[in-house]
Engineer: 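One structure follows; several queries about it will come next.
We number each residue from 1, following the sequence as shown. Read the numbers this way: they start at 1 and go in the same order the structure lists the ligands and their atoms.
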Amino acid sequence: MYLVTMLGNLLIILAISSDTHLHTPMYFFLANLSFIDTCFTCTIVPKVLENIQTQHHTISYTGCLVQMYVFMALTLLDDFLLAVMAYDRYVAICLPLHYTMTMQPQRCLLLVATSWLCSQFLAFSLTLQMAQFSFCASHSIPHFFCDLIPLLKLACSDTHIFQATMFIEAALSGVVPLTCVLVSYAYIIHTILRVSSAGGKYKVFSTCGCHLTMVTLFYGTLFLVYFQPSSSYSADTGMLASVIYTMVTPMLNPFIYCLRNRDMKDALWKLLGWGKCSTL
Ligand SMILES: *[C@@H]1O[C@H](CO)[C@@H](O)[C@H](O)[C@H]1NC(C)=O
């Protein structure tokens with residue numbers, strides 16, 4: 001699965017950068033998303049594989065904090081970028097005449113840069129607080145990587161401020177992007193319903209369908225893990241959902257895009273040197 005994820009996402013980045021037809025904001029964001037997914041799996045899976053191989057289920061304290069930081073920053077970035085992509089689709093479908101003006105390259109770069117900064121800041125503030133806790137009772141994490149909640153349960157310092165920060169950050173980084181996605185799609189659906197031809201509807205839906213599938217997978221699994229009351233937090237459900245969003249979702253993203261999107265398929269064939277096949 002790790003190899004498929006790496007290969008699939010790297011192929012997407014290569015296909016997008018090599019095909020000038022795909023040098024549009026939507027595909028730049030998709031390339032960013034693939035890049036993040038690649039980094040994301042790299043922070044978790046190699047360590048898991050090493051643990052399985054050596055049967056030493058240990059991680060250093062620094063390693064644990066770094067893993068938590070990178071994991072959080074990339075998850076938040078994924079979250080913000082999905083919202084940016086929804087906004088991009090909204091402008092493309094509902095305000096097509098303003099698209100080139102609204103989605104200028106500098107504007108896109110600004111959106112991506114802001115997402116980076118926000119996610120780094122949010123992840124950094126939580127990691128800094130976590131680094132000040134003492135872990136005195138047990139050092140054993142019932143999880144396959146250093147996730148926030150299992151680590152928090154081990155801390156024996158006062159975690160109230162941390163929990164409040166975590167709650168505010170979760171609310172902000174959950175509610176704001178999700179609202180952006182939902183509002184964008186409400187407008188998009190409204191516009192689709194007014195398109196009279198079935199062919200037009202299908203075309204609009206084929207680009208949004210991919211993005212909507214990714215959004216559903218991403219938020220669905222995140223809600224499963226982080227939005228259960230902490231009293232009923234079950235390590236098993238949490239772990240299963242974590243496997244899905246750390247390993248399965250990043251692996252599926254390339255397939256969601258490449259199997260359903262004609263332009264991506266053509267670019268991939270071209271990249272692999274089978275350009276003629278796409279005309280069959
Ligand atoms: C990410 O998006 C920006 C802005 O659209 C773009 O300039 C950059 O090339 C993208 N990065 C990757 C790795 O595709």
Engineer: Roughly how far, to the nearest 0.5 Å, is CZ of F255 from OG1 of T213?
Structural biologist: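 Reported to 0.5 Å precision, the distance equals 14.5 Å.
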Engineer: Looking at F162 and L126, what are the two nearest heavy atoms and their distance?
Structural biologist: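 F162 and L126 have their closest heavy atoms at CE1-O, 3.3 Å.
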Engineer: Please confirm whether the backbone N or O of I149 pairs with a side-chain atom of D147, one donor and one acceptor, at under 3.5 Å?
Structural biologist: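 Side chain of D147 to backbone of I149, a donor-acceptor pair under 3.5 Å: no, none is there.
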Engineer: Indicate yes or no for a side-chain donor-acceptor contact from H57 to the backbone of I52 under 3.5 Å, with no hydrogens or angles considered.
Structural biologist: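 Flag not set: sc H57 to bb I52 has no pair under 3.5 Å.
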Engineer: Should the heavy atoms of other residues, nucleotides or ligands under 6.0 Å from CZ of F124 be counted, would the total exceed 12?
Structural biologist: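 Counting other residues, nucleotides and ligands, CZ of F124 stays at 12 neighbours or fewer.
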Engineer: Applying a strict under-4.5 Å side-chain criterion to I, L, V, M, F, W and Y, I'd like to know whether Y2 and L74 cluster together.
Structural biologist: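 Cluster IDs for Y2 and L74 match.
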Engineer: Quick one, list the residues around ligand 1 where some non-hydrogen atom comes in under 4.0 Å, by chain and residue number.
Structural biologist: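 Under the 4.0 Å cut-off, ligand 1 touches F28, A31, N32, C108, L109, V112.
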